[in-house]
There are 2 protein chains.
Amino acid sequence: MNMNDGVKTAVRTVNLFEAFSRRKGPMTLTQIAEALSAPISSCHGLVRTLSAKGYLYTSERNRAIYPTKRLLEIATTIAAHDPVLETIVPVLEALRDETDETILLGRRQGETILYLDVIEGGQTLRYSAGAGDIKPMHSSAIGKAFLGRLNDTERAALVARLPLDLRTANTITERAALEADLTEGIGRGYFVTRGENVVDVMGLATTADVYGETMGIAVAGPLVRMEAGEAELAARLLSAKATLEALGSGA
Amino acid sequence: MNMNDGVKTAVRTVNLFEAFSRRKGPMTLTQIAEALSAPISSCHGLVRTLSAKGYLYTSERNRAIYPTKRLLEIATTIAAHDPVLETIVPVLEALRDETDETILLGRRQGETILYLDVIEGGQTLRYSAGAGDIKPMHSSAIGKAFLGRLNDTERAALVARLPLDLRTANTITERAALEADLTEGIGRGYFVTRGENVVDVMGLATTADVYGETMGIAVAGPLVRMEAGEAELAARLLSAKATLEALGSGA
DNA sequence: AACTGGTTTTCATGAATATGAATGATGGTG
DNA sequence: CACCATCATTCATATTCATGAAAACCAGTT
């Protein structure tokens, strides 16, 4: 049976590029096999295929396998034509400039939260994440914002079936406690996590309906700094939400 | 049997991103299936897998499937740490600035030529290609340069087994004619294609040994412009070759 | 030249996936 | 509101691939 990971080769293909991105240099076939936790012979076929497509090449000198710039060209072209982010991102950048903390743009994807974009703050100690990262709903601020947006029936159903995995010592793993936390957030107008996803990180989040899609936006940073500025940060977050909903009421 | 394309899913995975890059916008599952020439049900699994890895997401509004910025982040990180190109590319950029024509950096990969980088000239009518493109050896200038570098035995063997596919009306498809052309190139010190790969495109190429690897470099542009400036272009090409070999004699 | 350690390539077979067909959603239209 | 057209999802099965083992290869070294 499949380890519920999805199509094996597709996962390995992207994992291979991720491995190159982490290693920041060429890899030998054996190293690739190790990085992918896959048999060498399997990786051999994968590398052959991607080489034939022009994504990899092998140095005849030391058998090192390098990625070409093809992936970059394709990714750049794709990103240059993202219509949604084009309009949303400037608002988030403004929010980042106001707060100097990291701004997250996320969506609900099934029972998880997917970061569409991450605009990092300028401080030395900051919340750092990557576009495409996937977080659990119950421990991320954006996740709570999406839960809070549902009607009571839907929310109860979703909370009941979410896997409330422990991420840190502060993660809420009791369904009743999560319900209470969400109720609090609904009253407050925004949702908060305090070290529930990552230790010492606090996040403030809300949702915004833009172009008919519900987006989640959040400000995240170190607990102490965030707690000190919570009132102002929340105000700015809600102001950004209003701006987004204003520009995205059409289409 | 497998259509000699390699691992099916790996090809489809990269083809999917290429399709997004061409379409410059979201695609529905049906459109993806069409773009990949694959059954919808197969694409469904692929999309699910890549969504779970954070590379794609689906708009709940109109079922449009979008790529995230994750691929861009990974590709950017990879490209930022390419040790070979870091030193070679500046030389090629200088060559581009001198000639204002497109400069190609290529390698031999099996019996084909793989473009590692393409630095396009600034003119309105210019040779345009992408990193990762794969060209036949017999019709590309860099391919001829690699053939010309072999000793007589190896060259004869390779020429004998290359598939001399017709690409344009000018493509050399006779082995004897190719041999003669290569001999000419060896005497001349550089290799030429005249509309043999792409109509009305002329290329001048040579190889350079850099860091123990043999690289192919070429200048390419419209036939008329290239023919008019051939002597000077060739001189500059050979000068760039010398520069590359000087910097790459160590390591 | 033969050996040694490490690596890559090949190959037959069991395991996982790709697929067509059927089912289930969804949205627009009369 | 029911119909239709389009699209997405599920499922059983044949197809294809992933895999371990063995062979081949390569670069040093004796």
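All chains are named by letter (A, B, ...) in the order of the sequence lines, taking the proteins before the strands, and each is independently numbered beginning at 1. Note that the structure is predicted; figures quoted are calculated from it, not measured.
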Is there a side-chain polar atom (N or O) of B:R12 under 4.0 Å from OP1 or OP2 of C:dT19?
yes
Which listed nucleotide (C:dT19, D:dC7, C:dA18) is nearest to the side chain of B:T30?
D:dC7
Once you round it to whole Å, what is the distance between P of D:dA8 and CG of B:L46?
14 Å
Taking the six-membered ring of B:Y55, is the NZ or CZ of B:R70 close enough (under 6.0 Å from the centre) and on axis enough (within 45°)?
yes
Taken to the nearest whole Å, CG/A:L29 to P/C:dG6 is 16 Å
From the list C:dT19, D:dA8, C:dT8, which nucleotide is the closest neighbour of the side chain of B:K8?
C:dT19
Side chain of A:P39 only, please: which of C:dT9, D:dA8, D:dG20 is the nearest?
D:dG20
Check whether the side chains of A:E213 and B:S59 place a donor and an acceptor atom closer than 3.5 Å, and report yes or no.
yes
Quickly work out the A:E34 CD to C:dG6 P distance and round it to whole Å.
14 Å
For B:R48, look at atom CZ and say whether over 12 heavy atoms of other residues, nucleotides or ligands are found less than 6.0 Å away.
no
Figure out the CG/P separation between A:L36 and D:dC17, and round it to whole Å.
18 Å
Going by distance alone, is a donor N or O of one side chain under 3.5 Å from an acceptor N or O of the other, for B:T214 and B:D209?
yes
What is the distance, rounded to the nearest whole Å, between atom CE of B:M27 and atom P of D:dC7?
14 Å
Please state how far atom NE2 in A:H44 lies from atom P in C:dT9, giving the value in whole angstrom units.
4 Å
Could you check whether atom CD of B:E34 has more than 12 heavy atoms from other residues, nucleotides or ligands sitting under 6.0 Å from it?
no
Of all the choices, C:dA18, D:dT19, D:dT10, which nucleotide is nearest to the side chain of A:S42 once you look at every atom?
D:dT19
When the distance from CZ of B:R48 to P of D:dC11 is rounded to whole Å, what number comes out?
11 Å
Separation of atom CD1 in B:I65 from atom C1' in D:dT9, rounded to whole Å:
12 Å
Considering only side-chain heavy atoms of B:S41, which listed nucleotide, D:dC11, C:dT8, D:dA8, is closest?
D:dC11
Starting the side chain at C-beta, find the nucleotide from D:dA8, D:dC17, C:dA18 nearest to B:V7.
D:dC17
With the side chain of B:R63 defined as its heavy atoms from C-beta on, choose the nearest nucleotide among C:dT8, C:dA25, D:dT19.
C:dA25
